K.L.:
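Mind having a look at this structure? Questions to follow.
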Amino acid sequence: MAIVRNRLKSMIARAAHSLDGYQDLEAELTIELDIPKNSGHGDYATNFAFALAKRLKKNPRQIASELIANLADPDGLLEKVEIAGPGFVNFFINSSAWHEIIREVLNDPQNYGRLEAQGDFPVQVEFVSANPTGPLHIGHGRGAAIGDVLANLLEARGANVQREYYINDAGNQMDTLGRSLYYRYRQELGAGIEFPDNHYRGGYMRELAREFIGQRGETFRDTSLEEALPVFTEYASRRIFEGIKEDLDVFGVRFDNWFSERQLHERDLVRKTIDYLRERGFIYENEGALWFKSTAFGDEKDRVVVRANGVSTYFAADLAYHRDKFERGLKTVIDIWGADHHGYVDRILAGIQAMGKNRESVRVVLVQLVNLLRGGQPVAMSTRGGEFVTLREVVDEVGKDATRFIFLTRRTDSPLDFDLEVAKARSNDNPVYYVQYAHARLCRIFEVARERGFSFDWRSASAQSLHLLQVREELQLMKLLGEYPEVLGECARSLEPHYIPYYLHQLVSLFHGYYHDNRILGDDDRLTEARLCLALAVKEVIANALALLGVSAPEKM
RNA sequence: GCGCCCGUAGCUCAGGUGGAUAGAGCGUCGGACUUCGAAUCCGCAGGCCGCAGGUUCGAAUCCUGCCGGGCGUACCA
């Protein structure tokens with residue numbers, strides 16, 4: 001990619017090669033190019049001389065000056081190079097170099113910043129995976145947004161991504177769910193019975209009971225719990241799961257695969273996985289239970305996989321599940337979990353290592369919890385407790401775009417206060433509208449240009465007029481457009497999407513200021529052409545980034 | 001008790017492997033529309049980066065110890 005930053009980086013690398021002793025260090029040192037806050041320090045700066053100085057036992061300034069002396073710049077990329085402070089090297093780029101970024105963007109706008117698909121490199125992102133015992137809440141929504149965007153991002157960076165939802169449709173919680181519906185059903189039919197503790201008492205269970213009566217009538221009025229339970233369990237889990245799918249759909253989240261925990265048991269994979277681990281020497285018996293020796297891989301204690309009563313644990317199923325993922329040929333598995341599961345990370349990593357996989361083949365992203373507020377007051381959140389705000393209600397009230405954008409503007413491991421009144425009432429000042437407004441504004445410019453009969457084709461226009469872009473904000477915009485691939489790369493490396501919203505804000509802010517001070521459609525046709533090229537590139541990158549975030553890019557608003 | 005995460009402007013949050021004068025939004029206050037969209041722009045104010053040590057040319061960032069908050073510490077899922 002002919003991006004200024006990369007060209008500069010390889011220039012420095014070549015220069016470094018002729019330094020004494022660099023050959024031994026090349027593998028362990030990477031050249032970092034920083035964009036200085038102070039423009040007096042150049043377009044790019046590097047602290048590379050410091051890193052070398054430590055290893056070569058020489059003065060950083062000395063190394064910096066040798067580095068500069070070795071720089072070869074046949075294309076005239078650099079206008080000026082300086083040594084500053086104790087050994088920074090500051091690079092000033094020739095303004096003509098920025099123009100090629102526009103062509104780079106416009107040549108293939110949808111794919112700008114993306115990488116070619118890397119052939120056979122299947123990666124799975126598993127996310128949400130909420131139990132089908134109640135509607136999705138706001139915390140699931142955060143995980144959904146992050147998982148969805150990480151999947152988009154990895155795909156954009158060349159991975160072959162599969163999105164999967166793991167359905168915990170087994171275990172005694174399913175019985176609890178069925179009983180909850182059964183009791184609500186009886187109550188709705190007038191039976192004066194108590195609703196037991198530790199069951200799902202949310203309003204949705206009452207609705208489900210009424211719906212069930214509408215479908216099946218009073219058939220089960222006098223049926224015993226034991227006899228009726230399978231019907232009620234099946235009905236409740238199916239209907240709740242359908243609701244979850246619908247809520248995700250409304251939130252713009254799609255999955256390639258829905259993986260049922262129950263099928264693990266039906267295919268006998270849980271038992272087979274335990275046998276497999278036993279053959280490898282990681283299973284032992286103690287006090288009537290079967291244990292997995294997770295301490296062999298750094299977990300703080302061993303974990304039970306089959307209880308003394310003969311029933312396997314949730315963890316055992318999860319081991320089987322992860323084994324199955326690799327059986328399916330996945331190279332890397334990314335699990336997105338709520339931060340309240342962090343105690344679980346070590347044991348699952350121990351599990352996959354016991355299966356002969358390396359630790360890096362599973363990456364766990366912990367998403368911190370969401371504190372839902374309304375006007376500064378906490379809103380209670382508990383599935384069994386009953387009253388809580390669902391994801392669907394939040395999306396209906398705040399809007400999909402704003403909800404996603406708020407989730408995606410924080411680091412995943414940072415707790416998030418989500419205030420409904422703030423997200424909604426100040427909607428005009430919401431950062432997502434700031435970005436969308438810029439996009440709509442840009443669309444309008446092209447509409448006006450058409451109305452005025454101004455014909456514009458970026459390919460011919462760019463060749464003859466881009467050199468006219470010399471205003472400071474224009475140079476800054478082009479430079480920032482050039483950073484976009486870097487931003488995507490950082491997101492994909494760190495599995496942190498929040499750099500994208502921050503980048504968008506920066507880009508859009510620069511554009512709004514530029515727009516305010518300069519006319520894009522002016523008297524000089526050549527200059528107008530040039531500015532339209534720039535405007536088009538900005539618009540395309542905004543749309544490109546919003547698409548990755550799953551946020552719409554409206555033409556009008 | 002032990003383990004993990006977090007303490008940055010009044011509020012909500014950014015600050016890749018240590019880098020130059022710590023940033024943004026909101027909020028406060030004051031300015032800018034006969035022009036391509038004012039859902040915008042410009043400016044002012046706001047900080048012992050939880051506290052105390054340490055490592056070094058250099059620390060919000062790394063190490064140690066405190067203080068304060070969240071979560072986890074099941075033969076639950």
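So you know, we letter chains A, B, ... as the sequences are listed, proteins then strands, and number each from 1. Scope of the values below: all heavy atoms of this structure, side chains included, with no hydrogens, waters or symmetry mates. It should be emphasised that the depicted structure is a prediction, and the values quoted were computed from it without experimental measurement.
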K.L.:
When the distance from CZ of A:Phe50 to P of B:A20 is rounded to whole Å, what number comes out?
P.N.:
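It works out to 10 Å between those atoms.
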K.L.:
Nearest whole Å is fine: how far is B:A20 P from A:Glu82 CD?
P.N.:
17 Å
K.L.:
Are there over 12 heavy-atom neighbours, none belonging to A:Glu555, within less than 6.0 Å of that residue's CD?
P.N.:
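For A:Glu555, atom CD is not crowded (no more than 12 foreign heavy atoms under 6.0 Å).
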K.L.:
Roughly how far apart, to the nearest Å, are B:U17 and B:C62 at atom C1'?
P.N.:
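Roughly 11 Å separates the two C1' atoms.
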K.L.:
Any chance the rings of A:Phe282 and A:Phe297 have centres within less than 6.0 Å?
P.N.:
yes
K.L.:
Does B:A20 have A:Phe88 stacked on its base, where the ring centres are within less than 5.5 Å and the planes differ by under 30°?
P.N.:
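According to the criterion (under 5.5 Å, under 30°), yes, A:Phe88 stacks.
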K.L.:
Classify the side chain of A:His342 versus the base of B:G3 as yes if they form a donor-acceptor pair under 3.5 Å and no if they do not.
P.N.:
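Such a pair is found, so the answer is yes.
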K.L.:
Check every strand shown and say whether A:Arg411 touches a base, only sugar-phosphate, or nothing at a heavy-atom separation below 4.0 Å.
P.N.:
sugar-phosphate
K.L.:
Round to a whole Å and report the spacing from CG of A:Asp517 to C1' of B:U35.
P.N.:
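Atom-to-atom, A:Asp517 to B:U35, this comes out as 14 Å.
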K.L.:
Rounded to the nearest Å, what distance is computed from the CG atom of residue A:Leu366 to the C1' atom of nucleotide B:C6?
P.N.:
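A:Leu366 atom CG is separated from B:C6 atom C1' by 13 Å.
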K.L.:
Roughly how far apart, to the nearest Å, are B:G43 and B:C48 at atom C1'?
P.N.:
28 Å
K.L.:
For B:A59, what is the paired nucleotide under Watson-Crick or G-U wobble rules, both distances under 3.5 Å?
P.N.:
none
K.L.:
Measure from the side chain of A:Asp340, starting at C-beta and using heavy atoms only, and say which of B:G19, B:A20, B:G72 lies closest.
P.N.:
B:G72
K.L.:
Please list, by residue number, the residues of residues 440-448 of chain A whose heavy atoms come closer than 4.0 Å to an atom of RNA chain B; answer none if no residue qualifies.
P.N.:
A:Ala440, A:Arg441, A:Arg444, A:Ile445, A:Val448
K.L.:
Please round to the nearest 0.5 Å and tell me the distance separating atom CG of A:Leu549 and atom NE2 of A:His498.
P.N.:
12.5 Å
K.L.:
Can you figure out which of B:G25, B:A39, B:C41 approaches the side chain of A:Met557 most closely?
P.N.:
B:A39
K.L.:
Taking ring-ring contact (aromatic ring centres under 6.0 Å, His included) as the definition, give me every residue that meets it alongside A:Phe88, ordered by chain and number, with sequence neighbours left out.
P.N.:
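ring-ring contact (aromatic ring centres under 6.0 Å, His included) list for A:Phe88, sorted by chain: A:Phe50.
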K.L.:
Name the pairing partner of B:G25, where a pair is Watson-Crick or G-U wobble with both distances under 3.5 Å, or state none.
P.N.:
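Pair assignment: B:G25 / B:C11.
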K.L.:
Which listed nucleotide (B:C13, B:U21, B:C36) is nearest to the side chain of A:Leu521?
P.N.:
B:C36
K.L.:
Report which part of the nucleic acid A:Ala84 touches: base, sugar-phosphate, or nothing (heavy-atom distance under 4.0 Å, all strands).
P.N.:
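It contacts base atoms.
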K.L.:
Mind checking if A:Asn172 touches a base, just sugar-phosphate, or nothing, with heavy atoms under 4.0 Å?
P.N.:
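The answer is sugar-phosphate, as A:Asn172 gets under 4.0 Å only of primed atoms, P, OP1 or OP2.
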K.L.:
Look at the side chain of A:Glu300 and the base of B:U73, then say whether one donor and one acceptor between them are separated by less than 3.5 Å.
P.N.:
no
K.L.:
Do the side chain of A:Asn38 and the base of B:U21 come within less than 3.5 angstrom through a donor-acceptor pair of N or O atoms?
P.N.:
yes
K.L.:
From C-beta outward on A:Ala289, which listed nucleotide comes closest to its side chain: B:C41, B:C75, B:G19?
P.N.:
B:C75
K.L.:
Are A:Phe259 and A:Tyr321 close enough that their ring centres sit under 6.0 Å apart?
P.N.:
yes
K.L.:
Side chain of A:Lys301, heavy atoms from C-beta onward: which of B:A77, B:C75, B:U21 has the nearest atom to it?
P.N.:
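Given the options B:A77, B:C75, B:U21, the side chain of A:Lys301 is closest to B:C75.
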K.L.:
Return the pairing partner of B:U64 with a 3.5 Å limit on both distances, Watson-Crick or G-U wobble; otherwise return none.
P.N.:
B:A52
K.L.:
Among the nucleotides B:U40, B:C75, B:A77, which one has an atom lying closest to any side-chain atom of A:Tyr344?
P.N.:
B:A77
K.L.:
Do side-chain atoms of A:His140 reach the backbone of A:His137 as a donor and acceptor pair under 3.5 angstrom?
P.N.:
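Confirmed, A:His140 side chain pairs with A:His137 backbone.
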K.L.:
Regarding A:Leu290, tell me which of base, sugar-phosphate or nothing describes its non-hydrogen contacts under 4.0 Å with the strands shown.
P.N.:
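The answer is nothing, as A:Leu290 stays clear of every strand by at least 4.0 Å.
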K.L.:
Do the ring centers of A:Tyr503 and A:Tyr484 come within less than 6.0 Å of each other?
P.N.:
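So the answer is yes for these two rings.
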K.L.:
Would a distance-only check, ignoring hydrogens and angles, find a side-chain to backbone donor-acceptor pair under 3.5 Å from A:Thr273 to A:Leu269?
P.N.:
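Answer holds: yes.
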K.L.:
Does the ring centre of A:Phe241 sit less than 6.0 Å away from the ring centre of A:Trp258?
P.N.:
yes
K.L.:
Would you classify A:Phe315 as touching base, sugar-phosphate or nothing, given that sugar-phosphate means primed atoms plus P, OP1 and OP2, and contacts are heavy atoms under 4.0 Å?
P.N.:
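Here A:Phe315 touches no strand at all.
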K.L.:
Whole-Å distance between B:U35 C1' and A:Arg452 CZ?
P.N.:
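For the pair A:Arg452 CZ and B:U35 C1', the rounded distance is 9 Å.
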K.L.:
Can you tell me which nucleotide in B:C5, B:C41, B:U12 comes closest to the side chain of A:Gln368?
P.N.:
B:C5
K.L.:
CG of A:Asn309 versus C1' of B:C76: gap in Å, rounded?
P.N.:
12 Å
K.L.:
Quick check: on RNA chain B, is the nucleotide nearest A:Ser509 upstream (toward 5') of the one nearest A:Asn90, or the reverse? Name the residue that is more 5'.
P.N.:
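Closest to the 5' end, via its nearest nucleotide, is A:Asn90.
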K.L.:
For A:His505 and B:G25, say yes or no: do the ring centres fall under 5.5 Å of each other while the ring planes differ by less than 30°?
P.N.:
no
K.L.:
Could you give the distance separating B:G23 and B:G47 at their P atoms, to the nearest angstrom?
P.N.:
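Rounded to whole Å, the distance is 14 Å.
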K.L.:
Under 3.5 Å for both donor-acceptor distances, Watson-Crick or wobble: does B:G1 have a partner, and if so which one?
P.N.:
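B:U73 is the nucleotide pairing with B:G1.
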K.L.:
Nearest whole angstrom, please: distance from the C1' of B:G37 to the OH of A:Tyr433.
P.N.:
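Whole-Å distance recorded here is 17 Å.
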K.L.:
Return the 5'-most residue of the pair A:Tyr502, A:Arg307 with respect to RNA chain B, ranking by each residue's nearest nucleotide.
P.N.:
A:Tyr502
K.L.:
Closest to the A:Ser414 side chain: B:C76, B:C13, B:C5?
P.N.:
B:C13
K.L.:
After noting the C-alpha distance and the side-chain angles of A:Arg493 and A:Glu490, does the key distance pass the salt bridge (charged side-chain N to carboxylate O under 4.0 Å, His left out) rule?
P.N.:
CA-CA 5 Å; A:Arg493 269 192 295 280; A:Glu490 179 53 31; 3.5 Å; yes
K.L.:
Report the nucleotide, chosen from B:A77, B:C36, B:A14, that has the shortest atom-to-atom distance to any side-chain atom of A:Ile520.
P.N.:
B:C36
K.L.:
How long is the line joining CG of A:Asp419 and P of B:G27, in whole Å?
P.N.:
14 Å
